2 protein chains.
Amino acid sequence: MQDSQTSETTQKTIEETIVSGILSARIRPGTRLSENQLATLFSVSRTRVREAMMRLETRGIVHVSPRRGWFVVEPSAEEAIAVYEARRVIEAGLLRGMRALTDEGRKALDAHLNEEKSAMAAGDRQRLSYLMGDFHIRIAELSGNAIIVDILRDLTARTILISMLYQSEFHAVQSHDGHCRIFEAMQAGDFARAAELSIEHLDEVEMGLDLTTRPDPLSELRSSLSLPPRPGPRVSQLSDPKNHNFKGVIKTC
Amino acid sequence: MQDSQTSETTQKTIEETIVSGILSARIRPGTRLSENQLATLFSVSRTRVREAMMRLETRGIVHVSPRRGWFVVEPSAEEAIAVYEARRVIEAGLLRGMRALTDEGRKALDAHLNEEKSAMAAGDRQRLSYLMGDFHIRIAELSGNAIIVDILRDLTARTILISMLYQSEFHAVQSHDGHCRIFEAMQAGDFARAAELSIEHLDEVEMGLDLTTRPDPLSELRSSLSLPPRPGPRVSQLSDPKNHNFKGVIKTC
DNA sequence: CTTTCCTGTCTTGTATGCAAGATAGCCAGA
DNA sequence: TCTGGCTATCTTGCATACAAGACAGGAAAG
């Protein structure tokens, strides 16, 4: 048991590691998060792991199936719709309420869009997944409102999980264009237009999903029989290398 | 140790009890929440209490001072501003995105406003505090979006804490009028107008606060010396009857 | 009287132990 | 071959024990 570093840094690290793993699409929905495995991975006891899981549960990132385990959420089609709706409400409300784009903010967004471009050119899909989601968080950061940033970060994480479940194709170019249009409207000082564009953008992404392909084909029957969410062998392990090479990358955000 | 009921119902009860205590302004900001006392009150071990505290912490309702205790948050002036800003963003975004007011929704809001009226007539301040906050949650419920409802519920709880800290007078009539105006615009189908009105309403409430009267007059010095948040004898206990007869009721929401 | 230090007590932080449900695999019987 | 039931094992649920920091109060020294 060689402690890589003298622990101490494991306070909020479990939480953040999992969230950032989702944001960069390395952790798939439905991933099993074993308390014991996480405990040994982070060299802490199960207590700390459970605390992190509870926090993530209230953030809507994981859920627990009693006596069976913790799993990264697999949003249902209804939940997916709710997430996009919430994002439209918040992001449009945010943009519409903006009064000016500071020079600093303009530079930050410009730099971000350049990163998107270079990731697209390099074909770095994992990085692209992350950047596509991060754009919206960057916009929230412009407001300087930590509350909104936190809310949007969690919603973005859920969005990425949704995309992994329901998205077939990868339309990075389209999303990038949407981001650019929003940025242009912001630069022009037309925040009402930017708000409209952000709604359109999220609509576009949502429409690109196939919300009819249920991840669990038995979900209808199962819910009508009120059975537990999803038994069976869909267990992908956290340290499983396959999770790091998953196929089908995220377009969204 | 007479168990009032055979436990079992203590799963999420701790969390909900505290939140609803805040929503009805029975629990003041800065209230100490002792793990041991809560554990005996709810007839569970500290473990369960800690879980509830962790959840409430991620919801921004309580915070922990290491090795000193859990406390209901006392939002700073900056945090207060951020909360109102977040609410303006979300509530205005929500209203502006609405397309129609269902008959069901109209009835629900109408009934709520009547409740406000009767509470005002009866001078039931505690109930009034609750209703003033609940109006905005009701609007969120119209969207049928559980995510937004949860977010607004927590923000409303924080708003009430802010009011308890920074609000001197009680302007229930003014708030009630604001609610009525928003409802009228919604009934008229003018949701853009309703959104504007909700922003004005929240501005009005925020302006009614005295954000210069700091709850901790030493906070500036304290933070510049990076000392722990607030030592001293400001401990009001959960089961202390004084908490149920606090003076200075909430106007807000 | 003021200041300093020390100690007892109370708080949370963390790990661990045990209970109990869920699951998978095996074995026996039809 | 298929079905049913039993058991071994793995999972979380929850309580408890102990460690360690924070604080209050008192005693002693100036």
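Per chain, numbering begins at 1; letters A, B, ... match sequence-line order. All figures in this text were calculated on a predicted structure; none of them were measured in a lab.
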Quiz item: Given C:dG13, D:dT12, C:dA15, which nucleotide is nearest the side-chain atoms of A:S34?
Solution: D:dT12
Quiz item: Tell me: CH2 of B:W70 to P of D:dG21, nearest whole Å?
Solution: 18 Å
Quiz item: C:dC10 C1' sits how many Å from B:L38 CG, rounded?
Solution: 16 Å
Quiz item: Of A:L131, A:I139, A:I137, which is the lone residue that meets side-chain contact (heavy atoms from CB on, under 4.5 Å) with A:F135?
Solution: A:I139
Quiz item: Between B:V62 and B:M53, what is the shortest heavy-atom contact and its length?
Solution: CG2-O, 3.6 Å
Quiz item: Nearest of D:dC14, C:dT11, C:dA19 to any side-chain atom of B:N36?
Solution: C:dT11
Quiz item: Where each residue is assigned the nucleotide of DNA chain C containing its nearest heavy atom, which of B:R50 and A:P66 is assigned the position nearer the 5′ end?
Solution: B:R50
Quiz prompt | Given D:dA15, C:dA15, C:dG13, the nucleotide with the shortest approach to the side chain of A:S45 | solution = C:dA15
Practice problem: Could you tell me whether A:R88 and A:D203 have a side-chain N and a carboxylate O separated by less than 4.0 Å? | Solution: yes
Quiz prompt | Residue whose closest nucleotide on DNA chain D lies nearer the 5' end, B:R46 versus B:R67 | solution = B:R46
Self-check item: Given C:dT14, D:dA15, D:dG13, the nucleotide with the shortest approach to the side chain of B:T47
Solution: D:dA15
Self-check item: Among C:dA22, D:dC14, C:dT12, the nucleotide that comes nearest once only the side chain of B:E35 is considered
Solution: C:dT12
Practice problem: Nearest whole angstrom, please: distance from the P of D:dT11 to the CZ of A:F71. | Solution: 11 Å
Quiz item: Could you state the CZ-C1' distance from B:F42 to D:dA15, rounded to the nearest angstrom?
Solution: 18 Å
Self-check item: Nucleotide nearest B:V44 when distance is taken to its side chain, options C:dT23, D:dA15, D:dG13
Solution: D:dA15
Self-check item: Value in whole Å for how far the P atom of D:dG13 lies from NE2 of A:H63
Solution: 12 Å
Practice problem: Determine: side-chain N/O of A:R68 to OP1/OP2 of D:dT12, distance under 4.0 Å, yes or no. | Solution: no
Quiz prompt | Selected nucleotide, minimal atom distance to B:V64 side chain, candidates C:dT12, D:dC14, C:dA22 | solution = C:dT12
Quiz prompt | Gap between atom CD of B:E15 and atom CZ of B:R48 - 0.5 Å precision | solution = 11.5 Å
Quiz item: In terms of side-chain geometry, is the basic nitrogen of A:R158 or A:E79 positioned less than 4.0 Å from the acidic oxygen of its partner?
Solution: no
Exercise. Compare the minimum distances between each of C:dT14, D:dG13, D:dT11 and the side chain of A:R32, then state the nucleotide with the smallest one.
Key: D:dT11
